[in-house]
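Below, chain A is the first sequence line, B the second, and so on; all start at residue 1.
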Protein chains: 2
Amino acid sequence: MKINKPRRLSLVEQVTKEIEQLIQQGYWKVGDKIPSEKVLMEQFDVSRNTLREAVRALTHVGLLETKQGSGTIVISESMFDLVLAKQIEQNSIAQILEVRLAIEREAAFLAAERRTETELKEMQHLIYQCKQALENDDLNNFMEADIKFHQKVVQASQNNLFVDLYASLNDSLQFSIEQIMFYAEEKVEENNIHHELYQAIKNQESEQASKLVDIYITSWKSLLEESSCH
Amino acid sequence: MKINKPRRLSLVEQVTKEIEQLIQQGYWKVGDKIPSEKVLMEQFDVSRNTLREAVRALTHVGLLETKQGSGTIVISESMFDLVLAKQIEQNSIAQILEVRLAIEREAAFLAAERRTETELKEMQHLIYQCKQALENDDLNNFMEADIKFHQKVVQASQNNLFVDLYASLNDSLQFSIEQIMFYAEEKVEENNIHHELYQAIKNQESEQASKLVDIYITSWKSLLEESSCH
DNA sequence: GGTCATTTGTTCGTATGTATA
DNA sequence: GTATACATACGAACAAATGAC
């Protein structure tokens, strides 16, 4: 889909884009209060109405939130997450897991071909964190490291689209994974898959990496089905 | 008990939401021209500036397009396509193909398990259309039927998220596929994959369906690499 | 509790440019 | 060319919410 854009950007569009970039570049971070309309008017050298329309556009898509008498704060740094999350909400957990499997399996395959030494070291460290959290029976820390490990695998595919899609899916899945974890007793087996997957990626065994992810997510899926029977 | 402030929706937000709903409910369809600002001002009982801010918010996200001296037309009914397309634009064709492979392969696997009789018949018809288009050397019709066939396969997975993601990816890929097609001489081979894939899905051979999609897209990918060398 | 400056919300008016009929 | 309708931008005014003193 190619969007027509022969005309030059309007003032509002320019300001909107600039603010969007300032947010994405981290100049204004999530939770921050951005300057008042008065200050921004001078900074961008536009009228109040022009500035307000730009801010309004960004509040509508969910990047900003305005509070009368108080100010305007940043509530998200990318529209992609928001829209995808909204779309994902309409689907069942089982369907999301199917998409997650599709993405993570292919990403693991590519990661085995393209991973860097740095990424391998980071994976190893995350596996260690998982192990330690398990020994301390600290489920929260385990889940955090677990998710980070899988994100690292996807990142090692060197494909930004995989990374973005996977991140958005994961956000939506996280709460549901907690539920599933409740029924999961065989945590050690999970940890073994971590190490096996790491070995496959390290040794550049693409097919093996794919297969391991398949096993990993299929086990989640069956856990989900069991838990829904109760 | 502290009750959250019932932050009432601003006038602009109300109007924005109403227009958005009218579009999504199909009251105003894609391509339609919506009433003039004057009419809408009366209909929603708001000032011109308020209405304009609402329209502006929707043009910014890409649902509406305003044309000077003419009016405002609806150009899309969901933000999802637009945002995803924007995200995809930032990635290379090779990366998009990798995501497409991930989605279509898994979808084919599931389609083999879940396809309905109706979907099988529709696939058969689309294969016939592809064949006919090839005999008439009609590339445009071939591509149209080809895309529809693969969409039908994804649809047969009975997973809406796959369908949505695949549709958005396809829109972005379509123009690039045309380029690749230019270098593709072995069209007959393509058609054979159609029929083989259909047979696998019909006979519920999931693994075989996956494998065929893999072969299919890998061949696209190598064509792409060849063409980029010229 | 009340006052007051600040900040955003809402509306109107004006001016100029541009595309369409 | 003219008239109409929309696009774009600026300025001003008052309302309403907030926070600090």
| said: Is there a salt bridge (charged side-chain N to carboxylate O under 4.0 Å, His left out) between Glu135(B) and Lys131(B)? Walk through the geometry before answering. | reply: CA-CA 6 Å; Glu135(B) 282 170 8; Lys131(B) 214 175 190 172; over 6 Å; no

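How far CD of Gln151(A) is from CG of Leu126(A): 10.0 Å, rounded to the nearest 0.5 Å. Atom CG of Leu64(B) and atom CD1 of Ile19(B) lie 7.0 Å apart (nearest 0.5 Å). Note that the CD atom of Glu20(A) and the CD atom of Gln25(A) stand 11.0 Å from one another [nearest 0.5 Å].
Rounded to whole Å, the distance from CD on Glu65(A) to P on dT8(C) is 13 Å. Rounding to whole angstrom units, CG of residue Leu11(A) and P of dG17(C) are separated by 15 Å. Spacing between atom CZ of Arg52(A) and atom P of dT7(C) amounts to 14 Å, rounded to whole angstrom units. Rounded to whole angstrom, the span from the CZ atom of Arg56(A) across to the C1' atom of dT8(C) amounts to 9 Å. The distance between atom CD of Gln68(A) and atom C1' of dT6(C), rounded to the nearest whole Å, is 12 Å.
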Write out a two-atom table: protein N or O, nucleotide N or O from nucleotides 19-21 of chain D, distance below 3.5 Å.
none

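Side-chain atoms of Gln124(A) and Tyr128(A) include no donor-acceptor pair closer than 3.5 Å. Using a 3.5 Å distance cut-off with no hydrogens or angles, the side chains of Glu119(A) and Gln158(A) do pair a donor with an acceptor.
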| query | Which dot-bracket notation, 5' to 3', represents the base pairing of DNA chain C when pairs are defined as Watson-Crick or G-U with both distances under 3.5 Å, crossing pairs as [ ], and inter-strand pairs as |? | reply | .||||||||||||||||||||

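Listed pair Thr72(A) / dT7(C) fails the phosphate criterion, with no side-chain N or O lying under 4.0 Å from OP1 or OP2. Distances shown here put a side-chain N or O of Thr50(A) below 4.0 Å from the OP1 or OP2 atom of dC10(D).
When all heavy atoms of Glu98(A) and Asn159(B) are compared, the pair lying nearest together is OE1-ND2, 2.8 Å. Counting all heavy atoms, side chain and backbone alike, Asp146(A) lies closest to His194(A) at OD1-NE2, 2.6 Å. Shown here for Ala108(A) and Val213(A), the closest heavy-atom pair between the two residues is CB-CG2, 3.6 Å. When all heavy atoms are compared, the tightest approach of Ile34(A) to Leu40(A) is CD1-CD1, 4.0 Å. Considering every non-hydrogen atom in both Ala156(B) and Met123(B), the closest pair reads CB-CE, 3.9 Å.
Of the residues in residues 35-49 of chain A, those with a non-hydrogen atom less than 4.0 angstrom from any atom of DNA chain C are Ser36(A), Glu37(A), Arg48(A), Asn49(A).
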